[in-house]
> 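Have a look at this one.
Throughout, numbering of the chain's residues begins at 1 and tracks the sequence.
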Amino acid sequence: MGGGRSETSALSGAGEARGLTTTQNSQRPNACCFCWCCCCSCSWNEEERRKRRRRKRISQDTKMETKLETCPKPSVEEIRMWSQSFDKLMRNPAGRNVFREFLRTEYSEENMLFWLACEDLKQEINKSAIEEKARSIYEDYISILSPKEVSLDARVREVINRKMQDPTPHTFEDAQLQIYTLMHRDSYPRFLSSNIYKTLVQGGSRTSSES
């Protein structure tokens with residue numbers, strides 16, 4: 001009799017232990033679910049990046065909407081001076097137009113458009129116009145939702161977000177400098193080796209020799 005009760009108690013205890021173990025297991029996080037969520041999140045982010053690149057290309061294929069600057073035809077000397085320094089190229093309206101045409105072939109025309117928009121903002125003195133132009137620049141080139149978004153680091157974006165609370169003509173100064181540096185280091189060397197620039201130099205040289 002005593003042995004039967006002991007055996008029954010032991011079986012009951014084992015059953016309770018199994019029940020407790022099952023309950024604990026059911027409360028543990030499901031590693032597979034966690035991995036699945038991460039995979040879905042990564043896939044979603046990659047798809048979003050693809051969509052943004054696609055929108056960006058579509059926007060640039062339509063040559064955006066801003067016209068080239070109005071300026072006289074550059075002289076042979078001006079064209080040659082563009083190769084001396086990036087500053088000389090960017091200070092010359094004709095040089096900016098040609099460089100912008102090159103950037104368009106690399107799908108990075110938004111860098112020049114942003115730089116030009118910042119230059120335009122710096123000339124503004126009317127407060128309401130400053131706020132309107134600053135908001136437009138932010139929506140066109142800073143917002144991650146824009147197909148013309150320029151590449152800026154987190155620090156510069158944080159500075160812009162603070163300054164947008166009370167915009168001034170210099171709200172985007174840090175961002176403009178960063179994009180200027182990016183064009184100088186990344187795009188400018190390729191521009192000098194491009195057919196666009198070489199054709200201009202050769203065409204100018206032929207015209208000069210013929211005259």
> Should the pair Tyr180 and His184 be assigned to parallel (<30°), tilted (30 to 60°) or perpendicular (>60°) ring geometry?
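Tyr180 vs His184 ring planes: perpendicular.
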> Measuring from atom CG of Leu182 to atom OG of Ser187, what distance do you get when rounded to the nearest 0.5 angstrom?
6.0 Å
> Does Ser136 use its side chain to pair, donor to acceptor, with the backbone of Lys133 at less than 3.5 Å?
no
> Can you find a side-chain donor-acceptor pair between Ser85 and Asp87 that sits under 3.5 Å?
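On atom types as modelled, these side chains do not qualify, holding no pair under 3.5 Å.
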> Indicate the atoms forming the closest heavy-atom contact of Leu121 with Thr168, along with that distance.
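Heavy atoms of Leu121 and Thr168 come nearest at CD2-O, 3.9 Å.
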> Salt bridge or not between Arg135 and Glu131? Use side-chain N to carboxylate O under 4.0 Å.
no
> Quick check: do Met183 and Met90 have side-chain heavy atoms less than 4.5 Å from each other?
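Touching, per the 4.5 Å side-chain cut-off.
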> Which heavy-atom pair separates Cys118 from Ile137 by the least distance, and what is that distance?
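Here Cys118 and Ile137 meet closest at N-CD1, 4.2 Å.
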> Check this for me: does any side-chain nitrogen of one of Glu77 and Arg80 sit under 4.0 Å from a carboxylate oxygen of the other?
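Salt bridge flag = yes for Arg80 with Glu77.
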> Salt bridge check, Glu109 against Arg104: does any charged N sit closer than 4.0 Å to a carboxylate O?
yes
> Could you tell me which non-hydrogen atom of Leu89 sits nearest to which non-hydrogen atom of Gly95, and how far apart they are?
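What the structure gives for the nearest pair is CD1-O, 3.4 Å.
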> Taking the six-membered ring for Trp, are Phe99 and Phe86 parallel (under 30°), tilted (30 to 60°) or perpendicular (over 60°)?
perpendicular
> So how far is it from Cys71 SG to Glu78 CD, rounded to the nearest 0.5 Å?
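So the SG of Cys71 and the CD of Glu78 are separated by 9.0 Å.
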> Got a donor-acceptor contact below 3.5 angstrom from the Glu106 side chain to the Ser108 backbone?
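No.
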> As an exercise, state the distance from OH of Tyr138 to OG1 of Thr171, rounded to the nearest 0.5 Å.
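Answer for the OH-OG1 pair, Tyr138 versus Thr171, is 12.0 Å.
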> Quick one, Glu69 and Leu116 - any side-chain contact, counting heavy atoms below 4.5 Å?
yes
> Side-chain contact, heavy-atom cut-off 4.5 Å: Ser193 with Arg190?
no
> Is Asp166 salt-bridged to Lys127, going by a charged N under 4.0 Å from an acidic O?
yes
> Show the nearest heavy-atom pair for residues Leu68 and Glu101, with the distance to one decimal.
CD1-OE2, 3.3 Å
> Check this for me: Glu132, atom CD, are more than 12 non-hydrogen atoms of other residues, nucleotides or ligands nearer than 6.0 Å?
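No.
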> Give the intermediate values and the outcome of side-chain contact (heavy atoms from CB on, under 4.5 Å) for residues Tyr197 and Trp82.
CA-CA 9 Å; Tyr197 182 64; Trp82 299 343; 3.9 Å; yes
> Counting C-beta onward and ignoring hydrogens, is there a side-chain heavy-atom pair between Phe172 and Met164 closer than 4.5 Å?
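Yes, their side chains come closer than 4.5 Å.
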> With heavy-atom distances below 4.5 Å as the criterion, would you say the side chains of Phe191 and Val98 are in contact?
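SC-SC contact between Phe191 and Val98 confirmed.
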> Do Val159 and Trp115 belong together in a cluster built from hydrophobic side chains that touch within less than 4.5 Å?
no
> Do the charged groups of Glu149 and Arg157 touch, with an N to O distance under 4.0 Å?
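Salt bridge flag = yes for Arg157 with Glu149.
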> Would you name the heavy atoms of Leu103 and Met112 that are closest together and state the gap between them?
CD1-CB, 3.7 Å
> Would you confirm whether Thr199, through its side chain, and Asn195, through its main-chain N or O, come within 3.5 Å as a donor-acceptor pair?
yes
> May I ask you to decide if Asp153's main-chain N or O and Gln178's side chain share a donor-acceptor pair within less than 3.5 Å?
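Yes; judged by distance alone, with no hydrogens or angles, the pair exists.
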> If only atom types and distance count, is the side chain of Ser146 paired as donor or acceptor with the main-chain N or O of Ser143 below 3.5 Å?
no
> Checking side-chain contact (heavy atoms from CB on, under 4.5 Å) for the pair Glu139/Leu145: CA distance, chi angles, key distance, verdict?
CA-CA 8 Å; Glu139 292 175 354; Leu145 300 177; over 6 Å; no
> Do you know the tightest heavy-atom contact between Ile142 and Leu152?
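So the minimum-distance heavy-atom pair works out to CD1-CD1, 3.6 Å.
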> Phe102, Met81: one ILVMFWY side-chain cluster at the under-4.5 Å cut-off?
no
> Working to the nearest 0.5 Å, report the span between CG of Asp186 and CD1 of Ile179.
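Asp186 atom CG to Ile179 atom CD1 measures 10.5 Å (nearest 0.5 Å).
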> Starting at CD1 of Ile160, measure out to CD of Gln176 and round the result to the nearest 0.5 Å.
10.5 Å
